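These notes concern the structure reproduced below.
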Amino acid sequence: MQKNRILVAMIGLALMGNTAYAGSQSISDTELDGVSAQGLQTINNDNRTFRAISDQNNNLDSVQLNNNSQGDSIAGGIVNSAKSAVNASANLITLGNVSTPPNGDPKTIIQANENTAKNHVNESFALGLGGDALAVAANVNKETQRISNMNASVIEEQNNNNNSVQLNHGAQHDSSGMSIVNASTSAANIGLNALNAGELSDTVIQVNAQYAGNMNNKAEAISAGSSAEALAFNAEFGPTQVVRNDSRTRVAGRKSQNNNNNSVQLNHGAQSGAQVVNISNVAQSALNVAANLASIASVSGDSTVTQTNDNTAENHVNSAEACQICKNGRGGVTAIAKNLNKQTQKVGNGPDAVNSGQNNNNNSVQLNHGGQRDATSGSIINASVSSVNSGLNVLNSREVSGSSASQSNAQTAANMSNTATATGSQGIALATNWEANGATQGIDNAYGRDSNVSDQDNNNNSVQINDSAQASATAVSIVNAAKSAINHGANMASLGSITGSTVSQSNDNNAANHVNVVLFAGENGTAIAKNLNKQTQNVSNAAGTYEGQLAVIDGQNNNNNSVQVSDEGQSGVTAVALVNAASSAANDAMNVLNAGDVSRGSSVSQSNDQSALNYDNLAVALALEGTAIAGNAETTQNPGQYINNVHAEINQENNNNSVQLNDNAQAGVTAARVVNAAGSAVNIGSNLMAAGDVSSSTVTQSNRQYASNHNNVALGRLAVAGNLNKQTQTVDNCFCTDLSEGKHQNNNMNSVQLNGGQSGMRVINAVNAAHSAVNVGYNIMTAGLVTDSHIEQTNSNTAINFSNIAVGQTALSGNSELGLRLQ
């Protein structure tokens with residue numbers, strides 16, 4: 001209990017020290033009484049050896065597949081999972097005709113998978129009858145890695161992989177099967193139902209009901225006395241990954257150091273030529289993959305065919321509820337739900353360090369060197385620090401008469417979202433995502449006469465697809481997402497004639513990324529919902545005392561909250577949907593129906609109902625003296641993206657909240673839709689139908705979409721809703737920096753850059769959006785003769801970007817780039 005009390009005090013002080021945006025509070029190991037703040041994995045390479053680090057792999061909570069480890073595999077399903085909860089289930093049936101005798105009772109064929117996967121999920125409940133109540137549910141220091149290479153170390157090859165998926169050197173090339181899933185620090189469910197039958201005059205039901213929860217906490221405290229406290233949180237007391245290369249450390253020759261934190265890495269033909277229904281690579285995520293497949297000769301005689309996927313994925317989602325029933329009107333109530341320091345990376349290269357090939361990937365998806373070239377799949381999903389649902393329904397039948405057929409995907413994805421509710425005489429409710437140690441990614445290349453940084457990639461909350469990584473891939477849907485909430489739903493039906501029947505296809509998708517909700521009801525109190533320092537990148541090159549020679553910074557890419565597709569990364573792709581999203585909430589839904597004549601009072605409906613919320617917060621304080629604060633803020637000393645170049649020659653790309661397509665990146669793409677989005681909320685809905693004659697029937701196609709990006713709502717006596725320093729880029733080139741002829745520096749902020757990127761594209765819709773709210777919805781129908789029928793196509797779309805609402809006696813709402821040095 002004493003340990004819990006200390007944690008309560010620490011979290012409370014840290015969050016409440018400054019009501020709006022608090023600083024961090026340190027606490028000693030002694031005070032923590034065994035709760036270590038030093039990191040789960042610590043590697044110390046001492047300087048006294050003076051030996052080369054020729055091949056060191058430091059893998060924490062990771063999946064590693066290398067050197068053709070699963071190449072040429074044939075399997076129904078392949079799952080590689082680290083530190084995870086995994087369910088894999090399948091139901092397979094092959095039948096002849098299925099019929100009911102005259103006057104017999106109808107029969108039912110049911111295939112169902114009910115899967116629940118929970119990884120590092122905690123629940124606590126405290127009930128105080130006349131005294132204090134305290135409930136704490138937490139994960140502490142579960143994902144921390146420390147790497148220290150001391151003075152004069154020589155690194156030939158070092159891989160520091162933390163909470164990551166790594167596939168290299170043809171690991172799964174030319175594999176085939178139903179599903180390939182590679183997941184680290186995750187909760188994963190895989191459900192498959194397959195039916196092959198002749199004529200059908202009964203009922204078929206195929207259902208996948210799946211829940212995946214990863215790093216979730218729930219705390220409830222109820223007191224009938226003086227006070228109640230509930231805390232639910234995920235915390236790393238310090239940066240998640242720290243890599244220190246001390247003075248004169250040398251990354252030798254053309255060797256490499258890879259520092260991968262919460263990332264997906266596919267390189268060197270890792271999944272090239274794979275032929276799989278679903279490919280999913282996820283790190284630090286919650287994942288549901290569901291498929292229902294049915295091939296039936298004919299459906300008649302008042303039959304029903306139902307295919308349903310009901311999937312919920314929650315990643316790092318916390319809920320805290322504190323309720324006080326105070327008779328004397330005194331006391332207090334506190335509810336805190338938070339994620340602390342879950343995505344921070346610090347890399348320091350000491351003076352005179354020589355780096356040739358250093359990749360610092362934080363919360364990123366990296367595909368290079370033909371990683372998925374020529375892959376064929378129904379859906380390809382690569383996601384880091386994400387919540388992912390993939391649902392597929394396929395129905396094939398010669399005819400449907402006097403019957404009904406329905407296909408539906410109901411999906412909810414929540415990533416880094418928190419809810420806090422407090423009810424009592426006074427107190428506080430807090431729901432936050434927070435990096436308390438400064439920038440999310442901090443890179444420091446110190447100055448020395450021999451300093452040389454050649455080919456350094458600093459990727460934070462980004463998607464990177466280069467070197468023909470997905471060239472010539474073929475898929476219904478390809479989604480690459482970093483730090484996101486994703487839903488992918490597809491319904492496909494190929495039917496003969498539809499007579500006197502009902503056919504429906506629907507997708508109901510909700511994606512919430514970094515969304516916080518707090519509610520306080522009482523006499524007075526505070527409600528705070530916020531995201532703090534979740535998207536800040538600081539890079540420092542060659543700062544120090546000048547010794548008469550410029551350092552060389554050649555080929556440095558600093559990508560913050562960005563999508564990068566280069567070097568024919570997706571050239572020649574064939575897909576219905578191609579989506580690249582960084583730090584986003586994304587829904588991709590599709591209904592496809594191919595049918596013969598539709599007649600005799602039939603009804604055909606296709607619908608997509610989608611909601612994407614990205615970095616939205618709601619704070620409500622229903623009190624006479626209540627304060628409500630909802631916001632997104634970067635409050636570090638150097639907010640947003642800060643690049644400092646001092647004594648150096650520079651060839652550098654600085655991309656903040658941007659989309660970059662270069663070097664034939666998407667040349668020759670054939671797709672119904674292509675979307676590239678950075679820092680966005682995205683909905684994609686499509687309904688496609690091809691039919692013969694339509695008579696005495698109804699056909700409806702609809703898309704209802706709501707996209708909201710960086711929007712905040714606050715309600716209280718004092719109400720503040722705003723975004724602070726969310727779009728800031730500062731590039732500081734000292735007077736001694738060499739940017740002369742032959743050098744280059746591109747500084748792209750909130751931008752879309754296309755340089756030879758989409759030549760020869762063949763698409764219905766192409767959307768390139770940076771820091772945006774995007775809806776793409778279209779209905780397409782082709783038919784023969786239409787008589788005595790009703791046909792309706794509708795799109796109801798709402799997109800809201802950087803809009804805030806504050807309601808109160810004193811109400812403030814707005815978006816500001818103050819660029820203040822607040823520390």
Side-chain angles (χ1 to χ4, degrees), residues 195 197 199-201 204 206 292-308 378 391-409 476-477 489-508 575-577 588-609 670-673 684-704 763-765 776-796:
L195 171 66
E199 297 179 355
L200 174 72
S201 59
V204 171
Q206 294 179 311
N292 296 307
L293 313 176
S295 179
I296 303 170
S298 63
V299 182
S300 61
D302 198 24
S303 297
T304 300
V305 178
T306 304
Q307 295 177 310
T308 304
L392 171 67
N393 296 308
V394 178
L395 173 62
N396 181 34
S397 181
R398 187 173 60 226
E399 62 178 345
V400 179
S401 62
S403 302
S404 66
S406 65
Q407 297 176 309
S408 65
N409 292 299
V476 174
S477 179
N491 297 308
M492 303 181 184
S494 179
L495 309 174
S497 60
I498 301 174
T499 307
S501 299
T502 300
V503 176
S504 65
Q505 296 176 312
S506 65
N507 291 295
D508 187 353
V576 176
D588 172 39
M590 174 179 60
N591 297 308
V592 179
L593 174 62
N594 182 32
D597 294 342
V598 181
S599 61
R600 290 172 51 188
S602 294
S603 174
V604 177
S605 65
Q606 296 176 311
S607 64
N608 296 302
D609 193 341
T670 300
R673 54 189 182 268
I684 310 163
S686 63
N687 296 307
L688 311 176
M689 178 178 172
D693 296 341
V694 180
S695 61
S696 302
S697 296
T698 300
V699 177
T700 61
Q701 295 176 311
S702 66
N703 292 297
R704 183 180 178 183
V763 299
I764 296 175
N765 281 313
V776 178
Y778 57 90
N779 302 304
I780 298 176
M781 176 183 173
T782 62
L785 180 65
V786 179
T787 57
D788 192 28
S789 296
H790 176 78
I791 297 176
E792 182 176 347
Q793 294 178 315
T794 60
N795 290 298
S796 178

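Only a predicted model underlies this, so the values are computations on that prediction, with no experimental measurement involved. Below, each value reflects all heavy atoms present in this structure, side chains not excepted, and no hydrogens, waters or symmetry copies.
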Kindly say whether S506 contributes a backbone atom to a donor-acceptor pair with the side chain of N491 at under 3.5 angstrom? yes
Tell me, please, which residues at least two apart from R398 pass salt bridge (charged side-chain N to carboxylate O under 4.0 Å, His left out). E199
Is S605 reaching over with its side chain to a backbone N or O of S504, donor-acceptor style, under 3.5 angstrom? no
Going through the checks in order, is the side chain to side chain contact (heavy atoms under 4.5 Å, CB included) test met by I780 and I764? CA-CA 11 Å; I780 298 176; I764 296 175; 3.8 Å; yes
Ignoring hydrogens and geometry, is there a side-chain-to-backbone donor-acceptor pair from S501 to G402 under 3.5 Å? yes
Among Q505, Q206, Q606, exactly one meets side-chain hydrogen bond (donor to acceptor under 3.5 Å, both in side chains) together with Q407. Which residue is that? Q505
Would you compute the distance between atom OG of S494 and atom CG of N396 and round it to the nearest 0.5 angstrom? 5.0 Å
What's the spacing between I498 CD1 and S599 OG if we round to 0.5 Å? 9.0 Å
List the atom of V476, the atom of M492, and the distance in Å for their closest heavy-atom pair. CG1-CE, 3.4 Å
Does V694 reach the side chain of M781, with side-chain heavy atoms less than 4.5 Å apart? yes
Does S789 use its side chain to pair, donor to acceptor, with the backbone of S696 at less than 3.5 Å? yes
Shortest non-hydrogen contact from Y778 to N765? CD2-ND2, 3.3 Å
Does the side chain to side chain contact (heavy atoms under 4.5 Å, CB included) test come out yes or no for R673 and M590, once each step is laid out? CA-CA 11 Å; R673 54 189 182 268; M590 174 179 60; 3.9 Å; yes
Taking S602 for its side chain and G500 for its backbone only, find out whether a donor-acceptor pair lies under 3.5 Å. yes
Quick check against the 3.5 Å criterion: does N507 have a side-chain atom that pairs as donor or acceptor with the backbone of N591? no
How many angstroms lie between CG in N608 and OG in S686, if you round to the nearest 0.5 Å? 6.5 Å
Could you report the tightest heavy-atom contact between S403 and S401, atom names first, then the distance? OG-O, 2.9 Å
Rounding to 0.5 Å, atoms CG (N779) and OG1 (T794) come to a distance of 6.5 Å
Between N292 and N393 (side chain of the first, backbone of the second, donor and acceptor by atom type, cut-off under 3.5 Å), is there such a pair? no
Under the side chain to side chain contact (heavy atoms under 4.5 Å, CB included) rule, what do V503 and M689 come out as? Steps first, then yes or no, please. CA-CA 12 Å; V503 176; M689 178 178 172; over 6 Å; no
What pair of heavy atoms forms the shortest contact from V598 to A691, and how long is it? CG2-CB, 4.3 Å
Nearest-0.5 Å distance that lies between atom CG in L195 and atom OG in S295: 8.5 Å
Distance-only, no hydrogens or angles: does the D597 side chain make a donor-acceptor pair with backbone N or O of D693 under 3.5 Å? yes
Report the distance from atom CG of N594 to atom CG of L688, rounding to the nearest 0.5 Å. 11.0 Å
